[in-house]
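What follows is one structure encoded as structure tokens, with my remarks underneath.
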Amino acid sequence: MTEKKEETSEKRSLNFVEAIVEEDLRSGRDQGKVHTRFPPEPNGYLHIGHAKAICLDFGIAEQHGGKCNLRFDDTNPVKEDVEYVDSIKEDIKWLGFDWEEREYYTSDYFGKLYDFAVELIKKGLAYVDDQSSEEMASQKGTPTEPGSHSPFRERSAEENLDLFQRMNTGEFPEGSRVLRAKIDMASSNMHMRDPVIYRIIFHPHHRTGDRWKVYPMYDFAHGQSDFFEGITHSLCTLEFEVHRPLYDWLVEHLKADDYRPRQTEFNRLNLSYTVLSKRVLLNLVKEGHVNGWDDPRMPTISGLRRRGYTPESIRNFNDSIGYTKVMATNDVGLLEFAIREELNKRAPRVMGVLDPLKLIITNYPEGKTEEMETINNPEDESMGSRTIPFSREVYIERGDFMEDPPRKFFRLGPGREVRLKSAYIIKCEDYKKDEQGNITEVYCTYDEATRSGGPEAGRKVKGTLHWVSAKDAIEAEVRLYDRLFNDPDPAGHKDKNPADFLNPDSLRVITGYVEPSLKEAKPLDHFQFQRLGYFNVDPDTTPGKLVFNRTVTLRDNWAKRG
RNA sequence: UGACCCGUGGUGUAAUUGGCAACACGUCUGAUUUUGGUUCAGAAGAGUCCAGGUUCGAGCCCUGGCGGGUCAACCA
């Protein structure tokens, strides 16, 4: 009975890509094989949008006993660099995916691709065009009007062959000639109007150096590379939909058996208050709006990692948003939910005070220190407990005391009682202000019987405060992040630079006091500073200097009820 | 005024071969809590872009509209 219930509850609906793959499996397509690939161009760092593609490409293969290749789509030497190759590999591994030994480069296929181009020329399906890009553009027509033929369209195969070979020896300057596929200048699909498939570039390639002077275009290289690798399902984003006829046309002319890779498009990730464009992200880095690709405010994988996001949370986020063909914008709150959900389970609770106010317990003996036991994580008993020092003078959060508290304020105020977490119930007897009227010190008395675990520990008070012992606390640099942009769609404004919408308060650096146990914290360890949010230790941390990043705040109903 | 793709609560996704629209986030109640967190209980919120048609029955099929996206780089 219960078994049946579990079965049905575990049954989750397939996204449309999974449905296609499973249908292919049922129908025996590709001998029951599933082989995908993740094909980044090494021209920038991976971001959360790439993570969505990675989860699909590798995930689909994993689910169906297939494989997923990593392929660097390096057909444009001008924009690419090994720096990016390394970071991409690191990020994919960190996300928890493994391409095993299948690390490929489109540049590995330059020879085969060249041979295929020659074959097309021989078949009369490609020709060398001597016109400028402007001239070719003017002949291209518009989406509603057909284009016209290039004067070079009917060159003989021999002449084309000769010219193409000489293009690759460096005999002709960049931009002087291209190789085009001869398809249909009147096609309603602009991509079929004799697309350029090879161009001359002298810039050395990061892997092949100056061996080639002629480089294939994306459209020419991609489907063929899929074909060479035996890819069954070539998954890409929606904007490539109109490229598919060209993809199919080229693959068709490679003809081998009845095997054809098939391109399927899914929706790219859009996130509110976030920009996911390598070009814009590169500008943010170059113009110094952020401190590099791994700045914790960046939506890059490396930025999210440094911010305290975990691979698990990113994968869960991807599962929750799904894959469709709908142009969608996901609420960035969903990503925040994913990390809160995970860190709630895993992050130890520790005490920290970011905006300290000194609280003196007047009836507590001077010079005395007690070790108070406190549980590391109420969500997980197995994480055990630790002790934290308590003494006469502690710091509390400045916001936890109000001289004239409103009705629903549960924390400290004149004459009020409140519990110091894991310690005693205290009562506010007095407080001191400076000339400007700022509270400088709060004086309380404590009730020894209310010690945590003590005889009157069960007494109810309105609120619980977090604290650190003033003489024992250690200082830490704390970096508080807010959204980088203050517009829900920073890239969606015509004629405006996304940088115009930068949030000036996206980073606030303060010095806080944290409990002494944190001296042992290691980079990327995460903690919940109770009531202040989830934090992780930044790699900038060195033996003498503790640095925390706030990954995300806690859900805060108090602020909303205000 | 072309081709292709898309149109389900505020947001993102579901809905076996057509069978009285489900889930998550968010929002709002209430309970518990030595975190205003967590957890638990509950509520509101769409009748599926519009109009026809087929059918006993349409979010799913057909026709026609409307709306949005992509495409005219020697970028990917």
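Below, chains carry the letters A, B, ... as their sequence lines are ordered, and counting in each starts from 1. Keep in mind it's a predicted model, so treat the numbers as computed, not measured. Just so you know, these numbers use all the heavy atoms, side chains as well, and skip hydrogens, waters and symmetry mates.
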What's the closest nucleotide to the side chain of Ala328(A) if the choices are A73(B), U35(B), G12(B)?
G12(B)
Would you say the side chain of His191(A) and the base of A3(B) hold a donor-acceptor pair, judged only by whether the two atoms sit under 3.5 Å apart?
no
Within the structure, does a side-chain N or O atom of Lys460(A) lie under 4.0 Å from either OP1 or OP2 of U34(B)?
yes
Using the side-chain heavy atoms of Asp556(A), tell me which of these nucleotides is nearest: G36(B), U1(B), G26(B).
G36(B)
Is the NZ or CZ atom of Arg177(A) positioned over Phe172(A)'s six-membered ring, under 6.0 angstrom from the centre and within 45° of the axis?
yes
Name the orientation class of the two ring planes belonging to Phe220(A) and Phe116(A) (parallel below 30°, tilted from 30 to 60°, perpendicular beyond 60°).
parallel
What's the closest nucleotide to the Phe337(A) side chain, out of G26(B), U70(B), U34(B)?
G26(B)
Can you tell me whether the side chain of Arg419(A) and the base of U34(B) have a donor-acceptor pair closer than 3.5 Å?
yes
Taking atom C1' of A72(B) as reference, at what distance in whole Å does atom CD of Glu135(A) sit?
17 Å
Arg349(A) side-chain proximity, nearest of U35(B), C5(B), A14(B):
U35(B)
Report yes or no: is there a donor-acceptor pair, N or O only, under 3.5 Å between the side chain of Glu379(A) and the base of G37(B)?
yes
side-chain N/O Arg555(A) vs U38(B) OP1/OP2, d < 4.0 Å
yes
Check this one for me: any side-chain N or O of Thr324(A) less than 4.0 Å away from OP1 or OP2 of U13(B)?
yes
Please tell me which of the listed nucleotides, G36(B), A72(B), A3(B), lies nearest to the side chain of Ser188(A)?
A3(B)
Can you tell me which nucleotide in U1(B), C74(B), C5(B) comes closest to the side chain of Thr144(A)?
U1(B)
Does the gap between the ring centers of His222(A) and Tyr218(A) come in under 6.0 Å?
yes
Could you state the atom-to-atom distance from CE of Met192(A) to P of C4(B) in whole Å?
13 Å
Taking the six-membered ring for Trp and the single ring otherwise, decide whether the centroids of Tyr247(A) and Phe240(A) are under 6.0 Å apart.
no
Base U35(B) to side chain Gln528(A), donor-acceptor N/O within 3.5 Å cut-off
yes
Within this structure, what is the CE-to-P distance between Met185(A) and A72(B), rounded to whole angstrom?
13 Å
Applying the Watson-Crick and G-U criteria (both distances under 3.5 angstrom) with [ ] for crossing and | for other-strand pairs, one obtains for RNA chain B .((((((..((((.....[..)))).(((((.......))))).....(((((..]....))))))))))).....
Side chain of Pro143(A) only, please: which of U35(B), C75(B), A72(B) is the nearest?
A72(B)
State whether Asn267(A) places a side-chain N or O below 4.0 Å from either non-bridging phosphate oxygen (OP1 or OP2) of U13(B).
yes
Pairing residues for Tyr309(A) by the side-chain hydrogen bond (donor to acceptor under 3.5 Å, both in side chains) criterion, not counting sequence neighbours
none
May I have the distance from Phe390(A) (atom CZ) to U34(B) (atom C1'), rounded to whole angstrom?
14 Å
Per the O4'-C1'-N9-C4 / O4'-C1'-N1-C2 angle with a 90° window around 0, G59(B) comes out anti
Say you pick atom C1' in U16(B) and the same atom in G30(B); how far apart are they, in whole Å?
38 Å
Rounded interatomic separation in angstrom, taking CD1 from Ile375(A) and C1' from U33(B):
13 Å
What about Tyr364(A) and Phe390(A), are their ring centers closer than 6.0 Å?
yes
Length of the line joining Glu239(A):CD and A73(B):P, which is rounded to integer Å:
16 Å
Mark yes or no: Lys325(A) above the aromatic ring of Phe266(A), with NZ or CZ under 6.0 Å from the six-membered ring centre and no more than 45 degrees from the axis.
no
If you assign Tyr198(A) and Gly458(A) each to the RNA chain B nucleotide with the nearest heavy atom, which residue ends up on the more 5' nucleotide?
Gly458(A)
Of all the nucleotides listed (C74(B), G37(B), G12(B)), which has the minimum atom distance to the side chain of Ile321(A)?
G12(B)
Distance in angstrom units between Glu80(A) CD and A76(B) P, rounded
8 Å
Check whether His50(A) reaches the backbone of His47(A) with its side chain - one donor and one acceptor, N or O, closer than 3.5 Å.
yes
Rounded off to whole Å, could you give me the CE-to-C1' distance for the Met327(A) and U8(B) pair?
18 Å
Choosing from C74(B), A76(B), G7(B), which nucleotide comes nearest the side chain of Glu41(A)?
A76(B)
Measure centre to centre between the rings of Phe548(A) and Phe529(A), then say whether the value is under 6.0 Å.
yes
Nucleotide nearest Val326(A) (side chain, heavy atoms from C-beta), chosen from U34(B), A72(B), C6(B):
C6(B)
